Asker: 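Once you've had a glance at the structure underneath, I'll fire off some questions.
Bear in mind that the values here come from a model prediction, so they are computed numbers and not experimental data. Here is how names work: the chains are called A, B, and so on, in the same order as the sequence lines, proteins then strands, and each is numbered from 1.
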2 protein chains.
Amino acid sequence: MANKKKTTIKDIANVLNISAAAVSKALHDDSRISEKTKKAVKQVAKNLNYQPNHLASALRKGKSNLVGVIVPRTNSNFFSSVIQNIEEELNKEGYNIIITQSNESYKKECNNIDTLLFTQVDGIIASMANETVNLEYYEKIKSKGIPLILFDRGENDLNVDYIGINDYDSSHMIVDHLVQQNRKRIAHIGGYKHTRIFNNRIRGYVDALKKHNLPQDNDLLIESSLTTEDGRAKMIQLLKLKDKPDAIYVAGDYAALGALQVLNEQNIKVPEEIALVGFGNEPFTAMVTPTISSVNQHSAEIGRLAATTFLEHAKKEVITQSLNKKILNADLIVRDSSKKN
Amino acid sequence: MANKKKTTIKDIANVLNISAAAVSKALHDDSRISEKTKKAVKQVAKNLNYQPNHLASALRKGKSNLVGVIVPRTNSNFFSSVIQNIEEELNKEGYNIIITQSNESYKKECNNIDTLLFTQVDGIIASMANETVNLEYYEKIKSKGIPLILFDRGENDLNVDYIGINDYDSSHMIVDHLVQQNRKRIAHIGGYKHTRIFNNRIRGYVDALKKHNLPQDNDLLIESSLTTEDGRAKMIQLLKLKDKPDAIYVAGDYAALGALQVLNEQNIKVPEEIALVGFGNEPFTAMVTPTISSVNQHSAEIGRLAATTFLEHAKKEVITQSLNKKILNADLIVRDSSKKN
DNA sequence: GTTTTTTGCTTAAACGTTTAAGCAAAAATT
DNA sequence: AATTTTTGCTTAAACGTTTAAGCAAAAAAC
């Protein structure tokens, strides 16, 4: 019963005594094939349980209909939601996606790029690892002539598309909100400056302070890897200051969680004594006590836009990689950790 | 400057005035090619920036070196960790993985199977959606003659490999622990019985109660979809009982979170009045207040085993799909929600 | 110095499609 | 009725590899 040999286009051709080419055309509804033949071919295909060999057609057409996706990790709600929407959008057009994770490692990321190129993907949609400082390795993708679309982490000066939120404005939103809550000493636990989006958040923070005539204190601006662990460390560092902050804006939710843990442990009242705002709107921000205010990055929209941007390139014959930045506005979700009491 | 045309094996052959076959063999270190030629070929390959065309070799060899992975979702720590370990293990042997999500939908899952088969994967590693009641559609995979390995959700009577934890024993562990904390009325918010692993947890719960001579009360055993929302609903239902439970064992962490939220909202002291134990050891169980006791499912080990099980099949010439269940013991992580006070 | 073995390649076919080019028969146009 | 156009196919080549088979030259064995 073991139907080992897969049925090919030739098998169908043999049954009907026509050429393989005719079968191929019939299956693709070529106008030069009679309706009668098309029906017959499709019937036989069904009977023999024919499944097209994707490798063969991809080889012949020079196009795999696969799109590679590189993310730092999938176990974050943001990335998993982006991925889901990319997939949905691309599936509609007959593309499938290959997801790879860099685990925040530059080396792994380079590996992933090689893997995807090796698999002959038709395009790559990526968000960079924390470690990734420059986009040199990504040049490899461009030099292959396949579309590259970056999102979230990965704003760039390369001639490459980018989808993200307005980080600079988001910082303003947060500082505005905290000032409204009568906060005077607002600290910022930011990401590494070398990553553009984190640098934008820092710039936004600094400019917003100026706007409100709040003095900028170097002790209150700290760079961090934004892990929960590092959030703890940087919070402890801030609490050692003589002149403590009365609000903390953390550029990532995981680090904000770490900060909150320290505050809770030291019985510092949040938000009464110190208000806290995170970034990313990870689901756990609504789970912890107190719930953490955070910024919603519109993951679904980012995913959809990344996909459609790829499709625009794919549909063009000529590959014209043009700088095409799409910047969305984010929403501040105010929760207990920064709410007026 | 646009190096549009990719360099092929033939280009290398032309440069060196040897045949394409010789180049192919040289690149694969065939013993019948001289060291001198090999060196030359590799040098030229490097110079021309040669990248093998995976599609062509896959087509010729009848083997794509791709393995498909199907998970209900990636934004859970369990699945993302399993995936990461599958990938690591398979990469070592030259395989790459394609990750797809079912979003807990049976229809999407069937779609994913088709997609993966279409992409000519060499095997599929999957955990089933909540909705998936039977493995009928998975027969398609078996009938193609490619290895299928199920993990976590997907224990089965099919002749298919399975990797998972001992759910029955885990329930015993949890009940034993709660009894040790002097709990007498232990409720269970379980998953749907039609899924084997949840049924096993239910059986373990029932048998453990018997073991400790605790009466089994039908009001205390509830089936649930195990979402946070449904966890809330089922908790509210339990609190309406005249004779309330003094401990709740929830078969999933997200539902346990919902239950905890309700308990907190109603100012019911956890664990003093009602103790709570979840399942899955999702990171947030250690983030919420109080922290939730849970069961660690050894995601890394499950991932590794799933990968090596696939590799065992792949290495064999003949596909002998034999029932090969690997059952791991899980660990109970006791946290505040069930700790003796 | 002849025979056998080994080395180092080449040739050609194959994997399953797609597609350009071509051609006979049928249909439409004159 | 002769010519042109359209229809419905076929043939053959191509995509970039891998691999079985083969063969001449070099090396080893006698």
Asker: Between B:Lys140 and B:Asp114, is there a side-chain N and carboxylate O pair less than 4.0 Å apart?
Answerer: yes
Asker: Give the nucleotide from the list C:dT10, D:dG16, C:dT17 with an atom nearest to the side chain of B:Leu59.
Answerer: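 My answer, after comparing the listed nucleotides, is D:dG16.
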Asker: Tell me which nucleotide among D:dT7, C:dA12, C:dT7 gets nearest to the side chain of B:Arg32.
Answerer: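 So the nucleotide nearest the side chain must be C:dT7.
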Asker: Does B:Glu301 come within less than 4.0 Å of B:Lys326, counting only side-chain N to carboxylate O?
Answerer: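 Result for this pair is no, no salt bridge flagged.
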Asker: Which base, if any, makes a Watson-Crick or G-U wobble pair with D:dT3, both distances under 3.5 Å?
Answerer: C:dA28
Asker: Taking atom P of D:dT19 as reference, at what distance in whole Å does atom CG of B:Asp30 sit?
Answerer: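 Taking atom P of D:dT19 as the reference, CG of B:Asp30 is at 10 Å.
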Asker: What integer distance in Å separates B:Lys61:NZ from D:dA20:C1'?
Answerer: 16 Å
Asker: Rounding to an integer number of Å, can you tell me how far B:Asn53 CG sits from D:dG16 P?
Answerer: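 Rounded to whole Å, this separation is 7 Å.
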Asker: Would you say A:Thr37 reaches D:dC9's phosphate, i.e. side-chain N/O to OP1/OP2 under 4.0 Å?
Answerer: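 Yes, A:Thr37 has a side-chain N/O under 4.0 Å of OP1/OP2 on D:dC9.
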Asker: Could you tell me the separation between the CD1 atom of A:Ile9 and the P atom of C:dT17, rounded to a whole number of Å?
Answerer: 5 Å
Asker: Between B:Ser31 and C:dT7, does any side-chain N or O lie under 4.0 Å from OP1 or OP2?
Answerer: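 No, B:Ser31 has no side-chain N/O under 4.0 Å of OP1/OP2 on C:dT7.
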Asker: Out of C:dT10, D:dT17, D:dT10, which nucleotide sits closest to the side chain of B:Ser57?
Answerer: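 Nearest nucleotide to the side chain: D:dT17.
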Asker: Rounding to a whole Å, what distance do you find between A:Leu48:CG and C:dG16:P?
Answerer: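 The distance from CG of A:Leu48 to P of C:dG16 comes to 14 Å, rounded to the nearest Å.
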Asker: Any side-chain heavy-atom pair from A:Asp152 and A:Ile197 closer than 4.5 angstrom?
Answerer: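 Side-chain contact under 4.5 Å: yes.
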Asker: Looking at B:Lys108 and A:Glu87, does any basic side-chain N land under 4.0 Å from a carboxylate oxygen?
Answerer: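 Looking at B:Lys108 and A:Glu87, the cut-off is met.
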Asker: Nearest whole angstrom, please: distance from the P of D:dG16 to the CD1 of B:Ile12.
Answerer: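 Value for this atom pair: 13 Å.
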Asker: Quick one: A:Lys63 NZ to D:dG16 P, roughly how many Å, whole number?
Answerer: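 Atom-to-atom, A:Lys63 to D:dG16, this comes out as 16 Å.
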Asker: Taking the minimum atom-to-atom distance to the side chain of B:Ser24, which one of D:dT18, C:dT17, C:dT18 wins?
Answerer: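 Between D:dT18, C:dT17, C:dT18, the one nearest the side chain of B:Ser24 would be D:dT18.
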Asker: Would you call B:Lys315 and B:Glu312 a salt bridge, taking side-chain N to carboxylate O under 4.0 Å as the test?
Answerer: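 Salt bridge absent between B:Lys315 and B:Glu312.
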Asker: Can you check the B:Lys38 NZ to C:dT7 P distance for me, whole Å?
Answerer: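 So the NZ-P distance, B:Lys38 to C:dT7, works out to 11 Å.
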Asker: Given that A:Thr8 and B:Lys25 both sit by DNA chain C, which one's nearest nucleotide is further toward the 5' end?
Answerer: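 It is B:Lys25, whose closest nucleotide lies nearer the 5' terminus.
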Asker: Taking only the side-chain nitrogens and oxygens of B:His54, find out if one of them lies under 4.0 Å from OP1 or OP2 of D:dT17.
Answerer: no
Asker: Applying a 4.0 Å non-hydrogen cut-off, can you work out what B:Leu55 is touching in the nucleic acid: base, sugar-phosphate, or nothing?
Answerer: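 The residue B:Leu55 makes no contact with any strand.
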